Amino acid sequence: MLLSEDHRAVQDAVRAFVQDQIAPKAAEWDKSHHFPAEELKGLAALGCYGVAVPTEYDGAGLDYLALAIILEEIGAGDGATSTVVSVNNCPVCSILMAFANEEQKQEFLKPLARGDMLGAFCLTEPHVGSEAGGLKTTAVRDGDDYVLNGVKQFITSGKNGDVAIVMAVTDKAAGKKGISAFLVPTKTPGYTVARIEDKMGQHASDTAQILFENCRIPVRYRLGEEGQGLKIALSGLEGGRIGIASQSVGMARAAFEAALKYSKERVAFGVPIFEHQAMQHKLADMATQIEAARQLIWHAASLKDAGQPCLKEAAMAKLFASEMAEKVCSAAIQIHGGYGYVSDFPVERIYRDVRVTQIYEGTSEVQKILIGRALV
Ligand SMILES: CC(C)(COP(=O)(O)OP(=O)(O)OC[C@H]1O[C@@H](n2cnc3c(N)ncnc32)[C@H](O)[C@@H]1OP(=O)(O)O)[C@@H](O)C(=O)NCCC(=O)NCCSC(=O)CCS(=O)O
């Protein structure tokens, strides 16, 4: 698929910023677990926080293809940073665009799209991940308020975020149709960061467990109607999966480029190892897999931009890209030999960062459920 001049311009601008401001700092952020607030502001100024949000709501007014391109570029610089930006765009901004009323858009969507606020998405719970409809957090109506109680798990930007979209049960008897969605400013009393996860990778983004203890929010912060919460969450995850697929390609690309460079420098048996046919075959496979994943993502994004159903295509893109990325990053370590296993070279960090793409925003197994359903 050929990119338009406009998409190329977006790609060039974000790539230049990422290679200047993010990629050189990623290793240090990984070691110090530093949250890159300043660089995120820079990305927000480039329009990366609300890429597909219309300009009337302070977004960049672009499309999902642009978002895919942008998240690949950020992912190539730092996986963790691309996760923060991805979640803010989808599911957070995309859900607000689709389900928020005008007042909610003014109060939350505009600052989220500008980068004056950062968003989080609270669906997963300690005992409920893939079975999204089985969540236990409750929201009980009390006059003009709802009172939230429960625990949410693995929440990107749960600590550094300003507002969270929270799914909670409002009618237990109604099962999946008894779940509702709420906007919860993270400063609301009763919203507590219970723990920050000590992760394998992606150290520059916070992943939090959030405790809701009698967390009281006004009824006007409910998104859509009571009972629409699961639909709202799952529709937001569709674009989110295009985003995670895109960051996977970005990380795989960075690992591939590091391996290609190393293969031209490292000498074995009298020649740079790149000269050995076995090495070229490995690199050829990696480049081909990356391009195949990218094309699946751009296809899914283009369908979404055309207003066509893309649940299956987004699942395929996420499944293929995240599985591909782990294999490519592993191959990049192999090409580096022992140096691939130590932190002097970037591939060790990228491999740790990329592993979770097969898990969050729906595991590979969940993507196969979605693809399988579409085949019936
Ligand atoms: C495994 C599942 C796919 C099972 O789903 P269900 O069978 O329980 O739900 P459905 O009946 O299919 O859907 C419920 C409802 O939603 C509507 N829906 C579904 N998808 C869409 C969509 N893309 N657009 C619009 N509407 C949609 C569907 O039509 C139904 O509505 P009606 O009843 O017809 O009115 C599912 O449970 C699943 O996907 N599980 C994985 C959850 C997941 O990805 N979790 C990760 C969360 S985020 C995270 O990991 C943390 C990182 S971060 O901070 O974001």
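Because the structure is predicted, anything quoted here is derived from the model rather than measured. When a ligand or atom number is given, it counts from 1 through the structure's own listing order. Residue indices begin at 1 and follow the sequence shown.
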Can you name the atoms of ligand 1, numbered from 1 with element, that are less than 4.0 Å from a heavy atom of Leu311? 23 (N)

Tell me yes or no: between the side chains of His7 and Asp63, is some donor less than 3.5 Å from an acceptor? yes

For Arg241 and ligand 1, does the shortest N/O to N/O distance drop below 3.5 Å? yes

May I ask you to identify the nearest protein heavy atom to atom 50 (O) of ligand 1, giving residue, atom name and distance to one decimal place in Å? Glu361 N, 3.1 Å

Salt-bridge test for Glu197 and Arg195: reply yes if a basic N is under 4.0 Å from a carboxylate O, no otherwise. yes

Are any of the side-chain nitrogens in Arg220 or Asp144 under 4.0 Å away from the carboxylate oxygens of its partner? no

Quick one: which of Leu112, Leu118, Asp58 gives a side chain to side chain contact (heavy atoms under 4.5 Å, CB included) with Tyr49? Leu118

Have a look at Ser130, Ala314, Gly362 and point out the one with the heavy atom closest to atom 36 (C) of ligand 1. Ser130

What orientation do Tyr262 and Phe345 show, parallel under 30°, tilted 30 to 60°, or perpendicular over 60°? perpendicular

What is the closest protein heavy atom to atom 47 (C) of ligand 1, and at what distance does it sit? Thr124 OG1, 3.5 Å

Residues Lys264 and Glu275 bridged, charged N to O under 4.0 Å: no

Aromatic ring proximity, centroids under 6.0 angstrom, Tyr191 and Phe212: yes

Any protein heavy atom < 4.0 Å from atom 25 (C) of ligand 1: yes

When you compare the side chains of Gln247 and Glu72, does any donor N or O come within less than 3.5 Å of an acceptor on the partner? no

Below 4.0 angstrom, N of the basic side chain to O of the carboxylate: do Asp30 and Arg349 qualify? no

Proximity to ligand 1 by part of Arg373, non-hydrogen separation under 4.0 Å: side chain

Close N or O approach (Glu238, ligand 1; < 3.5 Å): yes

Nearest protein heavy atom to atom 51 (C) of ligand 1, by residue and atom, and its distance? Phe154 O, 3.5 Å

Who gets closest to atom 16 (O) of ligand 1 by heavy atom: Gln228, Lys231, Gln367? Lys231

Does a salt bridge link Glu265 with Lys261, judged by any charged N lying under 4.0 Å from a carboxylate O? yes

How far is atom 11 (O) of ligand 1 from its nearest protein heavy atom, and which residue and atom name does that atom have? Lys176 NZ, 3.3 Å

State the atoms of ligand 1, each with its element, that fall below the 4.0 Å cut-off from a heavy-atom position in Leu237. 43 (C), 44 (O)

For ligand 1, which part of Leu234 has a heavy atom less than 4.0 Å away: the side chain, the backbone, both, or neither? both

Answer yes or no: is there an ion pair linking Lys105 with Glu102, defined by an N-O contact shorter than 4.0 Å? no

With heavy-atom distances below 4.0 Å as the criterion, list the atoms of ligand 1 near Leu230. 14 (C)

Distance from atom 22 (C) of ligand 1 to nearest protein heavy atom, with residue and atom: Ser235 CA, 3.5 Å

Donor-acceptor under 3.5 Å (Thr186 side chain, Gly161 main chain): yes

Would you kindly check if the NZ (Lys) or CZ (Arg) of Arg141 is within the cone defined by 45 degrees around the ring axis of Tyr146 and under 6.0 Å from the six-membered ring centre? yes

Backbone, side chain, both or neither: what part of Thr156 comes under 4.0 angstrom of ligand 1, heavy atoms only? both

Does ligand 1 have a heavy atom under 4.0 Å from the side chain of Thr207, from its backbone, from both, or from neither? neither

Return yes when at least one protein heavy atom is under 4.0 Å from atom 28 (C) of ligand 1, and no when none is. no

Any idea which atoms of ligand 1 are less than 4.0 Å away from a heavy-atom of Leu370? 3 (C)

Contact atoms of ligand 1, heavy-atom distance to Lys177 under 4.0 Å: 32 (P), 33 (O), 35 (O)

Only heavy atoms count here, so choose which of Ala132, Ala98, Gly129 is nearest to atom 45 (N) of ligand 1. Gly129

